[in-house]
Amino acid sequence: MAGDSDSVASSGLVSDDEMFASSSTTINDLFERPTTSECDDAVCLPRRKMKLKDEKLCGVCGDKALGYNFNAITCESCKAFFRRNALKDKTMVCLFENKCVVDIRTRRFCPACRIKKCFHIGMNRDMILDDSERKKRMSKVIENRAKREPTSTSSSEIHIKTEIDTDDSMSCEGNTELIRPPTPYGKSHGDKPEILFKHIPKHLLPANKSMYYTLSLEESSLLKDLTHAYQETLAAMPEMGPYSEEKKYNRAADLVNHSEICVRKMILFVKYLADFKLLSQDDQIAALKASVMKTVLLRSALFYIIEKDAWITPKGEIPSSILKKSTGFVSVHNNHVYYCRRVKSMAQDDLHIYSLLQALILFDPAGLNLTSREYVSTIQDKYLILLKHYMESKFSYDYSREYYVSALDRLSDLRVLSEEHAKILLQVNPVDVEPLMLEVLNLK
DNA sequence: CTAGCCTTGACC
DNA sequence: GGTCAAGGCTAG
């Protein structure tokens, strides 16, 4: 017979009481856990009032328990097991005689007997949140997170301000206490954990198709072309010899020259864009120059690997620490890495998002020396709407806002960060810089 | 899939 | 502020 969780749960028909006698009697005695029939009763519900002894053992397997889970005292693993399985429609089948012993050692052997025992000790599947309740919960989390962290720029500014105010940023030697390597996403190493954008788990996204925006043919085509352009240029890595030399980035000028590849790719990128071709030549150059630094920074986020705290390049991995080494600015390193992590946590590896952000950077009416500012603004609007619609098509109307706002926040971050990087340029000797970089960065 | 650890909101 | 009990994340 199958251990039909549904029927067992709803009817409380666990007939063979001896089935779990070996362990349940002891557990029952130790923790005065409610019997199945007691648990059907409403008396069982105000469980917060029930003070338990410090020592708690799982009613299912006897492992150490922290407290109640789904109306019964269980360990973490049985809690997770119940959550994963109690709502499954598929009936679990015991391969033996439906009387497997479930203890710490054997709990994994027979899911059917394990789930049966879960119900037997009073675990209640009604306490597992359903889709709408989970969604509600997640919305609350996101809402609170947004309240705690209203805008990203403010926190970046605090970082920068702190560094400037303390005036310690010029030296990395002897200043190790200021250098805090970023922690991998989701992990903390004693320091206050970073608050990064959290993606909505796929299973929480609405199943209803009407909750998603459908991109028009025109929009799909625009996005496809834009992403293709980005993929072929800025997102592409050239085939190069596999040599890895950290030493190559000893000076800030080395970093600037390293960015030349990015600038060349950027020039290729804009050549793909019909909107860009419509600008006057002067505006093309102005838009390019104004967005070089931001383009380099956004691209660096694309190639940043959070877990390794490094950028992947054709020459191998470059640890983020080279920023400190080559520039001497601890704050530059901290803020740049923080930026990369935030972009990455929001966009992950979605090239549509990167290419849309790239378009928004390029067609920025705030750029210096533009003659057709209004026209550039109109183009930017088009990509802003496309970004919004894309988020709605991917994450549903329910959740798109968080993604859209986060994406725009990353653009604000860029403004601050690129200004900060401009400081590096002041300490670069123009003699060491390649001619193309001298030109696009207006270095003399 | 499991299981341990983490994050979080609700409640006290 | 502390505790409890949900769900989330992820190494194994």
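Below, chain A is the first sequence line, B the second, and so on; all start at residue 1. Only this structure's heavy atoms are used, side chains among them; waters, hydrogens and symmetry mates stay out.
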task = Rounded to the nearest angstrom, tell me the gap between atom CE in A:M138 and atom C1' in B:dT8.
result = 10 Å
query = What class does the angle between the rings of A:F363 and A:Y383 fall in, given that below 30° is parallel, 30 to 60° is tilted and above 60° is perpendicular?
reply = parallel
ask   = With respect to the side chain of A:L129, which nucleotide from C:dA5, C:dG7, B:dG4 is positioned closest?
value = C:dG7
query = Once you round it to whole Å, what is the distance between C1' of B:dA3 and CZ of A:F81?
reply = 12 Å
query = Between A:Y68 (OH) and B:dC11 (P), how many Å, whole number?
reply = 19 Å
inquiry  = Expressed as a whole number of angstroms, how long is the span from A:L66:CG to B:dT7:P?
reply    = 15 Å
ask   = Quick one: is B:dA3 close enough that its OP1 or OP2 comes under 4.0 Å of any side-chain N or O from A:R114?
value = yes
key: Whole angstrom value for the distance that separates P of C:dA6 from CD1 of A:I128   = 9 Å
ask   = Do any side-chain nitrogens or oxygens of A:R84 fall under 4.0 Å of OP1 or OP2 in B:dT2?
value = yes
ask   = Who passes salt bridge (charged side-chain N to carboxylate O under 4.0 Å, His left out) against A:R114, sequence neighbours left out?
value = none
ask   = Residues in salt bridge (charged side-chain N to carboxylate O under 4.0 Å, His left out) with A:E232, at least two apart?
value = none
task = Starting at atom CZ of A:F82, determine the distance to atom C1' of B:dC1, rounded to an integer number of angstrom.
result = 17 Å
message = Can you tell me which nucleotide in B:dG4, C:dG7, B:dC1 comes closest to the side chain of A:R137?
response = C:dG7
request  = Measure up the A:F395 and A:Y403 rings against each other and bin them: parallel (under 30°), tilted (30 to 60°), perpendicular (over 60°).
outcome  = parallel
query = Which is true for A:R107 with a 4.0 Å heavy-atom rule: it touches a base, it touches only sugar-phosphate, or it touches nothing?
reply = sugar-phosphate
request  = Determine the interplanar angle of the A:H389 and A:Y213 rings, folded into 0 to 90°, and report it as parallel if under 30°, tilted if 30 to 60°, perpendicular if over 60°.
outcome  = parallel
ask   = Does the base of C:dG7 carry an N or O that pairs as donor and acceptor with the side chain of A:K79 under 3.5 Å?
value = yes
message = So for A:R83 and C:dG7, does any side-chain atom that can act as donor or acceptor lie under 3.5 Å from a complementary atom in the base?
response = yes
query = To the nearest Å, how far apart are A:R108 CZ and B:dA3 C1'?
reply = 8 Å
ask   = Taking CD from A:E76 and C1' from C:dG7, how many angstroms apart are they, rounded to a whole number?
value = 11 Å
